[in-house]
Trainee: 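This is the structure I want to talk about, given as structure tokens.
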Amino acid sequence: MTANPNPEPLHGEVYRPAPHVVLSANVPDPEAVYAEAARDLEGYWARRASELEWFKPWDRVLDDSKKPFYQWFVGGKTNIVHNALDRHVRTWRRNKLALIWEGENGDLRTFSYHALSREVCKFSVVLRSMGVSKGDRVTIYMPRIPETWIAMLACAKIGAVHSVVYGGFSVEALHGRIEDSASKLIITADGGYMGGKVVELKQIVDEALKRTAVAENVIVVKRTGKPVNMEAGRDFWYHELINLPLTRNMGKCETEAMDAEDPLFILYTSGTTGKPKAVLHTHGGYQVGVYATLKDVFDLKEEDRWWCTADPGWITGHSYIVYGPLLNGATSFMYEGGPSYPFPDRWWSMIAKYGISVFYTTPTAIRGLMRFGEAWPNRHDLSSLRLLGSVGEPINPEAWRWFHKHIGKEQCPIMDTWWQTETGGFMITPMPAVPTKPGSAAKPYPGVAVDIVDEQGKPVKPGEEGFLVLKKPWPAMLRTIYKDPERYVQTYWSKYPGMYLAGDSARRDEDGYFWIIGRVDDVIKVSGYRLGTAELESAFVSHPAVAETAVIGLPHEVKGIAIHAYVILRAGYEPSEALAEELRKHVAHEMGPIAKPEKIEFVKSLPKTRSGKIMRRVLKARAQGLSEGDLSTLEE
Ligand code: WTA
């Protein structure tokens, strides 16, 4: 692959896939598929859905009679676990590796499809015997270990709704999510290894449970073997439960037949205002969306070894670590720990060791590893790679080129995928046969209707920045916000009727390629992790010294965006370096280490509108020495 500075008809820095990439791609002629989906959206998705198995076929592909509460594959009966495991176990794939796992401490475990399915069966029997049934919510708070997969899949198998909370979140973040979902059961571990340290997950669960009475039981996976508090009658060891005679014999472990529209999981994500919201996804549409997007974009073949470096606790992990690869019958690799532990070539060494062929990561990770120089990747044989990917934040062209040159050795197309927790799967992305431009997520996936509009909802001209909207429904879309349908309508569908508001700003170039600029709401993408100013600010004010605070995101060389906080202290407290450090620790303890602010500034007042809303835009402009814009509504 070579950079062609000025090809016709595409403009700018364009990278064209080599002929063999196009010829062997799962989608060798993208234009034909774009056209098919544009012509007949429902027909396209029906064709893709029929590549999976259904207990009973759907009556209608799309029901938009209650929009924006769209329904897909209405009347169909299915279960995502049937397609992710059961159907493979009946074929030769029973002996194929589903998962290769390496712990940060060097532990190694592998699971064939048969073995993974067996473990999921055993654990689903445990869950049923503990009284978990269809529709119940279960919180999963785990390190990156195989049991995270098993827990998620066992919930789905019996029709329970999992709510995975990222293991990097801490006490208050976990507590709020347990309480809002009303989870009676928590699945966790004694700890996990991360960056050479043990993350004390069980201890955080204990602290979170002191703040709520909803959870009745905790199942604890032994990962580190470090002693933890086990409360009699409440806490149980995973390995003891799955070895009880009832479970060992796998009891009754059949896969529950679900309606296509039955909930599969909720996943909390930060929004514009207030508490994190629980985005709800369903069995039917979600499985079709993640299956098809992964197959087309990352071109998975039987012989591939796929590695998505995300954490199962985020949507990228749900869709493209756990469900998508299994739906495709693929072999995945998962690594427990940090990318530069013990040395900055840990990732590159594992690509060589396991022969990874398709590698999907984040701009933050690339920028972070780039700092150490190319000597580290150059020590390893990365020739197994054939395709690369990026997600989570805009990738700066410099990082893109480094990734392309030093990791992909100029042989591997880069799939820069734009999507969200809410969209379930890729929305704007190249496919291997589509030419790419560094920094652009290329074009909408087949059937996805993207536009960029101004304040009034009118499409802007090529090259102009505007709000990114989606104009047609898609199968893997969120169905609602759990327990709060009004907020679903309000957040996504009320600014422009009939259009889904993504919350990002973007522009489209003269070739129809999309360039994502960033969030236009109060979401901060720190190292690609999605955090909300509201949740961060409430973590601050839960400290006795803090009267009021405003949190903003400012550009950062590695993290993309970093958290800066302006704090007004209560009477009796004096600003000091020690207090700033104490507040940073407090926020990390309540929310999680990823939320640790970069910088805290003590101030006497905050810019507010007359109605009392903090003007973060003004703080941001001031901090960057930019024009503060229209201040006519400013009160103080
Ligand atoms: C951002 C992550 C630019 C964007 C899958 C979006 C991106 C938010 C990209 C969703 C990309 C994600 N280029 N920006 N390729 N991918 N984003 O819900 O701001 O954690 O709205 O889902 O991440 O974050 P979320």
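Every number for a ligand or one of its atoms is a count from 1 in the order of the listing. Each residue takes its place number in the sequence, starting with 1. On a predicted model such as this, the values are computed, not experimentally measured, just so you know.
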Trainee: Compute the minimum heavy-atom distance from Pro394 to ligand 1 and say whether it is under 4.0 Å.
Mentor: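 Checking ligand 1 against Pro394, which is what was asked, there is a heavy-atom contact under 4.0 Å.
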
Trainee: Would you please say whether a donor-acceptor pair under 3.5 Å links the side chains of Tyr320 and Thr293?
Mentor: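 Yes - a donor-acceptor pair under 3.5 Å links their side chains.
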
Trainee: Is the closest side-chain heavy-atom distance between Gln420 and Met427 below 4.5 Å?
Mentor: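 No, too far: nothing below the 4.5 Å cut-off.
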
Trainee: In the protein, which heavy atom is nearest to atom 1 (C) of ligand 1, and how far is it?
Mentor: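 The answer is Gly392 O, 3.3 Å.
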
Trainee: Starting from the C-alpha separation in whole Å, work towards a yes-or-no answer on salt bridge (charged side-chain N to carboxylate O under 4.0 Å, His left out) for Arg177 and Glu172.
Mentor: CA-CA 8 Å; Arg177 286 157 175 79; Glu172 185 50 33; over 6 Å; no

Trainee: Which bit of Ile516 is near ligand 1, meaning a heavy atom under 4.0 Å away: side chain, backbone, both or neither?
Mentor: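 Only the side chain of Ile516 comes within reach of ligand 1.
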
Trainee: Which residue owns the protein heavy atom closest to atom 20 (O) of ligand 1, what's the atom, and how far is it?
Mentor: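 Among all protein heavy atoms, the one nearest atom 20 (O) of ligand 1 is Lys525 NZ, 3.2 Å.
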
Trainee: Quick one: do the Thr429 and Thr417 side chains pair a donor with an acceptor below 3.5 Å?
Mentor: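 Side-chain D/A pair, Thr429 to Thr417: absent.
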
Trainee: Give me the residue, atom name and distance of the protein heavy atom closest to atom 13 (N) of ligand 1.
Mentor: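 The closest one turns out to be Glu393 O, 3.4 Å.
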
Trainee: Is the closest side-chain donor-acceptor distance between Tyr166 and Tyr529 under 3.5 Å?
Mentor: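 Tyr166 vs Tyr529: donor-acceptor pair found between side chains.
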
Trainee: Distance under 6.0 Å and angle within 45° of the ring axis: does Lys495 meet both against Phe467?
Mentor: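 Yes, Lys495 sits over the ring of Phe467.
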
Trainee: Heavy atoms only, cut-off 4.0 Å: how does Val523 contact ligand 1, side chain, backbone, both, or neither?
Mentor: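 It is neither part, as no heavy atom is under 4.0 Å.
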
Trainee: Looking at the rings of His318 and Trp314, which for Trp means the six-membered one, are their centres under 6.0 Å apart?
Mentor: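 No; Trp314 has its ring centre 6.0 Å or more from that of His318.
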
Trainee: Compute the minimum heavy-atom distance from Trp314 to ligand 1 and say whether it is under 4.0 Å.
Mentor: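 So Trp314 does not count as touching ligand 1.
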
Trainee: Test of understanding: given a 4.0 Å heavy-atom threshold, classify the contact between Arg530 and ligand 1 as side chain, backbone, both, or neither.
Mentor: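 It is the side chain that touches ligand 1; the backbone stays farther off.
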
Trainee: Could you tell me if Tyr488 and Arg479 have a donor-acceptor pair between their side chains, going purely by distance under 3.5 Å?
Mentor: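 No, no side-chain donor-acceptor contact under 3.5 Å.
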
Trainee: Starting from atom 6 (C) of ligand 1, what is the nearest protein heavy atom, named by residue and atom, and what distance separates them?
Mentor: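 Ranking protein heavy atoms by distance from atom 6 (C) of ligand 1, first comes Asp504 OD2, 3.1 Å.
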
Trainee: Just going by heavy-atom distances, which of Val391, Thr316, Thr417 is nearest to atom 11 (C) of ligand 1?
Mentor: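 Nearest heavy atom to atom 11 (C) of ligand 1 lies in Thr417.
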
Trainee: Which residue and non-hydrogen atom of the protein lie closest to atom 10 (C) of ligand 1, and at what distance in Å?
Mentor: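 Scanning the protein heavy atoms, the shortest distance from atom 10 (C) of ligand 1 goes to Trp419 O, 3.6 Å.
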
